[in-house]
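Worksheet for the structure shown next.
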Amino acid sequence: MSSANTQAKASQLVSAIIEPGSTIGILGGGQLGRMLTLAATPLGYRCVTLDPTPDSPCGQIARQVIAAYDDVEAARELAGSCDVVTYEFENVDAGVAALLEQESYVPQGSKLLYTTQHRLREKRAIEAAGVPVAPYREVTSAGSMQQAVEELGLPCVLKTVMGGYDGKGQRVIRHLEEVQAAYEELNTAGVGLVLESFVPFQCEISVVAARSTKGEVRTFPPAENIHVNNILHASIVPARVSEELQARAEQLAAQLIEGLDAVGLLAVEMFVTKAGEIYVNELAPRPHNSGHYTMDACATSQFEQHIRAICGLPLADPRLVTPVVMVNILGEHMEEVLKLLTSTASQTATEKVIPKLHLYGKSESKNGRKMGHVNLLCQDTEAAMQWIEQTNIWRNH
Ligand code: AMP
């Protein structure tokens, strides 16, 4: 297809309805791509993914273009075989994003990727949407670091503005003697730094919001997130905060997704203080681990909602049907999970907890690697927390 034609294709299709039978391209073939494919399939869509690893979790159930994420020719091949393109991770290469926007239909655009790839841009965008973030200062030199510490006070958290995930690229500073070491350690990345006030949070929650190409917005109920070693361990829904606070969290997420003019999913991670204040910590413009509970516990999953949003279909009912606790399965948990799966005694759901297992098809099971999750459907989330305690699987936590 010539470039003029493909540009015309892109502009004509803006906010078009992508009908069942069409092909959805997914940049990234990990578990999020796999679960998007699992949700798109019963709606009648086909999926094709681009991922460098053969037999990726998504490539096991969708056609896969095997190539590096920054391979522009491969992205062109993906674009050529799809009616709409989405992504399952936020670090999409700028060149690939630009090509896809030119030559295919990417309703999510690349502006939000640009914003969420960088903590300072992200914080400024959140504030511009009228939503609170913890006080912060840009740090550009040892001098500005000292000044930022004086202004914000201790404790505080120093973070690299790019490339950090699962707690990497950040240091909590509790004493003045730690300031210089933290600065010198993180400044080596050469990507810029931001200093934030440490929020003495009562709990961390997240809301997954969806906005369709037609501008319709729906939000999922907040999940209360428990992290272990900076990796999400469990999400508890309903979150153990007041209903008023849950409603406010959903309202803030809706305000953000509209303010950012985003299409598709936006996961909003928040801190909740004892006084009931909410501060947004981070955004992810994609399906989120803390939204996996929706697969079994909501009328619609986050993955189906994303497909609907980018295809211009009406958004579906996100309501919670049952209390649930989602618990992640990491590499170190796999042996015990497989024992449980293959033991006949454990196949009967208990009266109080119904476990629903999701494995991602990853062959290599490394420590800390996300291999799957279990959604524990329950009458009350305490019973599900006890189930987690009582199995041997997460005993090291
Ligand atoms: P992040 O990479 O920003 O998601 O941070 C990872 C984790 O570090 C969060 O989930 C929090 O538990 C903790 N954390 C990050 N920033 C702050 C902060 N400003 N105050 C308190 N805890 C924080």
Side-chain angles (χ1 to χ4, degrees), residues 27-28 69-70 87-98 108-174 178-199 201 204 206 225 227 229-232 252-253 256-257 259-262 266-271 278-286 288-290:
L27 219 48
Y69 297 129
D70 59 358
Y87 47 81
E88 59 132 40
F89 59 90
E90 50 267 63
N91 293 318
V92 177
D93 178 80
V96 164
Q108 291 163 277
S110 60
K111 194 168 144 251
L112 189 57
L113 283 175
Y114 177 76
T115 306
T116 56
Q117 279 169 358
H118 190 282
R119 285 188 194 271
L120 270 169
R121 290 200 287 261
E122 182 174 271
K123 285 180 193 303
R124 288 172 186 144
I126 296 167
E127 287 180 308
V131 172
V133 293
Y136 67 94
R137 295 287 183 279
E138 181 173 8
V139 170
T140 51
S141 62
S144 69
M145 174 76 188
Q146 287 297 342
Q147 195 182 341
V149 172
E150 275 163 35
E151 287 172 10
L152 296 177
L154 294 176
C156 54
V157 190
L158 184 65
K159 299 180 179 179
T160 54
V161 293
M162 290 179 91
Y165 64 95
D166 288 345
K168 294 184 181 74
Q170 60 177 277
R171 293 286 170 279
V172 176
I173 304 171
R174 296 184 188 280
E178 296 163 2
V179 171
Q180 199 181 341
Y183 174 75
E184 281 170 9
E185 203 177 325
L186 291 189
N187 193 38
T188 51
V191 290
L193 300 169
V194 58
L195 189 74
E196 290 172 27
S197 289
F198 184 89
V199 180
F201 55 81
E204 294 184 81
S206 55
N225 299 321
H227 296 93
N229 299 329
N230 280 312
I231 299 177
L232 182 67
L252 286 176
L256 262 175
I257 201 166
L260 295 169
D261 196 21
L266 181 73
V268 185
E269 295 185 51
M270 310 173 191
F271 299 131
I278 295 177
Y279 295 102
V280 170
N281 176 36
E282 263 199 323
L283 305 177
R286 54 166 172 78
H288 197 254
N289 193 168
S290 68

>> Before you tell me yes or no, could you show the steps for Leu252 and Val280 under side chain to side chain contact (heavy atoms under 4.5 Å, CB included), namely the whole-Å CA-CA distance, both residues' side-chain angles and the distance that decides it to 0.1 Å?
In response: CA-CA 9 Å; Leu252 286 176; Val280 170; 5.5 Å; no
>> Please determine whether side chain to side chain contact (heavy atoms under 4.5 Å, CB included) holds for the pair Glu127 and Tyr136, giving the CA-CA distance in whole Å, both sets of side-chain angles, and the decisive distance to 0.1 Å.
In response: CA-CA 11 Å; Glu127 287 180 308; Tyr136 67 94; 2.6 Å; yes
> For Leu112 and Leu266, what are the C-alpha separation, side-chain angles and deciding distance, and is it a side chain to side chain contact (heavy atoms under 4.5 Å, CB included)?
Replying inline: CA-CA 10 Å; Leu112 189 57; Leu266 181 73; 4.0 Å; yes
> Checking salt bridge (Lys or Arg N to Asp or Glu O under 4.0 Å) for the pair Lys123/Glu196: CA distance, chi angles, key distance, verdict?
Replying inline: CA-CA 11 Å; Lys123 285 180 193 303; Glu196 290 172 27; 2.9 Å; yes
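Using a 4.0 Å cut-off between a side-chain N of Lys or Arg and a carboxylate O of Asp or Glu, Arg137 and Glu150 do not qualify as a salt bridge.
The CZ atom of Arg286 lies 9.0 Å from the OG1 atom of Thr116; values are rounded to the nearest 0.5 Å. In this structure, Leu283 CG and Glu269 CD are separated by 8.5 Å, a value rounded to the nearest 0.5 Å. Atom CD of Glu122 is separated from atom CG of Leu260 by 9.0 Å, given to the nearest 0.5 angstrom. Here Lys111 contributes atom NZ and Arg121 contributes atom CZ; the two are 12.0 Å apart, rounded to the nearest 0.5 Å. Residue Glu282 holds its CD atom at 8.5 Å from CZ of Phe271, rounded to the nearest 0.5 Å. Separation of atoms CD (Glu151) and CG (Leu195) is listed at 10.0 Å; rounding is to 0.5 Å.
Within the 4.5 Å cutoff, no side-chain heavy atoms of Ser110 are placed close to those of Val92. A 4.5 Å side-chain heavy-atom check between Val139 and Val194 finds every atom pair outside the cut-off. Looking at Arg174 and Phe198, their side chains come closer than 4.5 Å, going by heavy atoms from C-beta outward. Side-chain contact check for Tyr69 versus Asn91: every heavy-atom pair is 4.5 Å or farther apart. Between Asn281 and Phe201, every side-chain heavy-atom pair lies at or beyond the 4.5 Å cut-off. Proximity of Met145 to Glu184: side-chain heavy atoms (C-beta onward) are nowhere separated by under 4.5 Å. Using a 4.5 Å cut-off on side-chain heavy atoms (C-beta onward), Pro132 and Ile278 make no contact.
Counting all heavy atoms, side chain and backbone alike, Leu158 lies closest to Ile173 at CB-CD1, 4.2 Å. Nearest heavy-atom pair across Phe89 and Leu27 is CE2-O, 3.5 Å. Here the closest non-hydrogen pair linking Ala182 and Arg171 is CB-CB, 4.1 Å. Closest approach of Val191 to Val161, counting heavy atoms only: O-CG2, 2.9 Å. Taking every heavy atom of both residues into account, Thr140 and Ser144 meet most closely at N-OG, 2.8 Å. Summarising the geometry of Leu186 relative to Gly169, their closest heavy-atom pair is CD1-O, 3.8 Å, with the distance given to 0.1 Å.
One N or O on the side chain of Gln117 and one on the backbone of Glu90 form a donor-acceptor pair closer than 3.5 Å. At distances below 3.5 Å, at least one donor-acceptor pair connects side-chain atoms of Asp93 with backbone N or O atoms of Gly95. In terms of modelled atom types and a separation under 3.5 Å, the side chain of Ser197 and the main chain of Val199 share no donor-acceptor contact.
Heavy-atom contacts from other residues, nucleotides or ligands closer than 6.0 Å to OH of Tyr114 number 12 or fewer. Within 6.0 Å of atom CD in Gln180, 12 or fewer heavy atoms from other residues, nucleotides or ligands are found, so the atom counts as exposed in its surroundings.
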